[in-house]
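Report on one structure; see the data block that follows.
These numbers come from the heavy atoms of this one structure, side chains and all, not from hydrogens, waters or symmetry mates. Computed from a prediction, not measured in an experiment: that's the story for all the values here.
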Amino acid sequence: MRYERYELVIFDNDGVLVDSEPLANTILAGYLTELGHPTSYEDSLRDYMGSAVHRVHDLVHERTGLRLPEDFDETLHARTFAAFERELEPVPGAADVLKRLVAEGVPYCLASSGSHRRIRVGHRKTGLDAWFRDENIFSSEDVGRGKPAPDLFLHAAARMGVAPERCVVVEDSRLGVEAALAAGMDVYGFTAMTPREKLAGAKGYVDRMEDLLPTLGL
């Protein structure tokens with residue numbers, strides 16, 4: 001592969017750095033079903049993986065004409081954070097990749113659909129907080145629209161002082177890939193949970209985190 005050095009590596013968080021998608025989508029599907037909106041785990045992955053919580057509200061209202069309870073977000077987050085504290089693990093190889101980027105002097109950041117609180121709870125549990133500071137953590141809370149809109153990735157690039165075309169994004173969701181492409185960034189699909197065909201448009205794919213840096217030419 002031709003060596004191509006990017007000026008900024010932007011990581012999604014859920015499913016890319018922390019192995020949170022199985023936990024979070026199990027909880028979301030169960031809670032929606034409990035509220036009278038039958039949702040399977042597979043439904044949750046298809047409709048909500050990689051998105052901010054406002055998408056849940058939007059799709060439920062679009063499909064049923066009903067509104068979720070006012071305390072939906074608070075209850076969902078409480079259940080999710082409790083599961084994270086009990087069970088969350090880092091994605092295998094994630095810490096090694098971050099360590100190598102630091103050693104190589106390659107700037108990186110995180111741009112997640114999750115809230116800042118969710119990100120920090122997960123990082124504390126998995127030990128990834130050692131590799132991130134406030135200055136390189138960006139959440140959909142920071143912008144008006146979450147993925148698949150490009151706003152979050154463009155915001156992260158601007159804050160990090162790097163032009164979009166010099167950024168590369170690592171994503172494991174269809175919505176995330178769409179957002180990165182809309183931002184004018186190269187994107188590599190992480191396929192540990194998501195089949196390649198669902199990440200169409202990615203420049204390349206990695207099945208294991210330890211394969212990422214060689215794929216990027218590092």
Side-chain angles (χ1 to χ4, degrees), residues 10-84 87-88 91 110-119 121-122 138-153 169-183 185 187-202 205 207:
I10 304 178
F11 291 95
D12 177 39
N13 188 54
D14 293 293
V16 171
L17 296 176
V18 295
D19 192 19
S20 53
E21 294 292 9
L23 290 173
N25 283 281
T26 296
I27 291 165
L28 175 57
Y31 187 27
L32 286 173
T33 300
E34 177 185 319
L35 292 172
H37 305 287
T39 305
S40 69
Y41 172 71
E42 291 74 19
D43 293 337
S44 185
L45 289 177
R46 181 194 66 223
D47 293 339
Y48 305 121
M49 182 174 168
S51 68
V53 71
H54 68 75
R55 179 176 170 85
V56 182
H57 290 267
D58 293 345
L59 282 185
V60 168
H61 183 253
E62 178 183 312
R63 291 169 174 173
T64 69
L66 301 174
R67 297 287 185 185
L68 292 169
E70 290 187 5
D71 64 348
F72 178 85
D73 292 12
E74 181 181 351
T75 301
L76 177 65
H77 291 156
R79 294 182 183 187
T80 302
F81 297 162
F84 283 4
E87 305 175 54
L88 189 63
V91 167
L110 178 160
S112 173
S113 293
S115 66
H116 280 286
R117 185 181 172 202
R118 175 184 173 125
I119 294 165
V121 167
F138 305 101
S139 161
S140 61
E141 291 180 322
D142 303 331
V143 296
R145 299 181 299 167
K147 305 170 189 178
D151 304 37
L152 177 57
F153 288 133
V169 176
V170 186
E171 265 287 355
D172 71 329
S173 75
R174 174 181 58 83
L175 297 176
V177 169
E178 291 176 5
L181 293 174
M185 301 177 180
V187 55
Y188 283 80
F190 184 54
T191 60
M193 271 191 63
T194 311
R196 293 186 179 199
E197 59 267 22
K198 293 187 177 181
L199 301 175
Y205 302 92
D207 301 325

_Sequence neighbours excluded, every pair satisfying salt bridge (Lys or Arg N to Asp or Glu O under 4.0 Å) that has a member inside residues 21-49_ = E34-R79, D43-R46, D47-R63

*How far apart are the C-alpha atoms of L59 and Y48, what are their side-chain angles, what is the distance that settles it, and do they pass the side-chain contact (heavy atoms from CB on, under 4.5 Å) test?*
CA-CA 9 Å; L59 282 185; Y48 305 121; 3.5 Å; yes

*Fit a plane to each ring of H57 and F72, take the angle between them on a 0 to 90° scale, and name the class: parallel (under 30°), tilted (30 to 60°) or perpendicular (over 60°).*
perpendicular

*For the pair H77 and F81, name the ring-plane relationship: parallel under 30°, tilted 30 to 60°, perpendicular over 60°.*
parallel

Shortest non-hydrogen contact from [X] toward [Y]:
| X | Y | result |
| --- | --- | --- |
| L152 | S112 | CD2-O, 3.4 Å |
| A202 | V177 | N-CG1, 4.2 Å |
| G146 | S140 | CA-CB, 4.3 Å |
| I119 | F138 | CD1-O, 4.2 Å |
| V187 | A180 | CB-CB, 3.7 Å |
| P150 | R145 | CD-NH2, 4.3 Å |

_Is a donor from one side chain sitting under 3.5 angstrom from an acceptor on the other, for D73 and H54?_
no

*So, T39 side chain and T33 main chain: donor-acceptor pair closer than 3.5 Å or not?*
no

*With side-chain contact (heavy atoms from CB on, under 4.5 Å) as the test, would you mind laying out the steps for V91 and F11 before giving the verdict?*
CA-CA 12 Å; V91 167; F11 291 95; over 6 Å; no

*Apply side-chain contact (heavy atoms from CB on, under 4.5 Å) to H116 and D142, showing your working.*
CA-CA 9 Å; H116 280 286; D142 303 331; 2.9 Å; yes

*So with a 6.0 Å cut-off around CD of E197, is the heavy-atom count from everything else above 12?*
yes

*Test side chain to side chain donor-acceptor pair (under 3.5 Å) applied to D14 and S173, S113, S20, the passing residue*: S20

How long is the straight-line distance from [atom2] of [Y] back to [atom1] of [X], given to the nearest 0.5 Å?
| X | Y | atom1 | atom2 | answer |
| --- | --- | --- | --- | --- |
| R118 | E141 | CZ | CD | 11.0 Å |
| T80 | Y31 | OG1 | OH | 10.5 Å |
| L175 | R55 | CG | CZ | 5.0 Å |
| D172 | T191 | CG | OG1 | 9.5 Å |
| L28 | L23 | CG | CG | 12.5 Å |
| S40 | N25 | OG | CG | 10.0 Å |

Considering only heavy atoms from C-beta outward, does the side chain of [X] approach that of [Y] to under 4.5 Å?
| X | Y | result |
| --- | --- | --- |
| L45 | Y41 | yes |
| D207 | R196 | yes |
| D12 | V169 | no |
| M193 | P22 | yes |

*asked:* Test side-chain contact (heavy atoms from CB on, under 4.5 Å) on E171 and L199; report intermediate values, then the result.
replied: CA-CA 9 Å; E171 265 287 355; L199 301 175; 6.0 Å; no

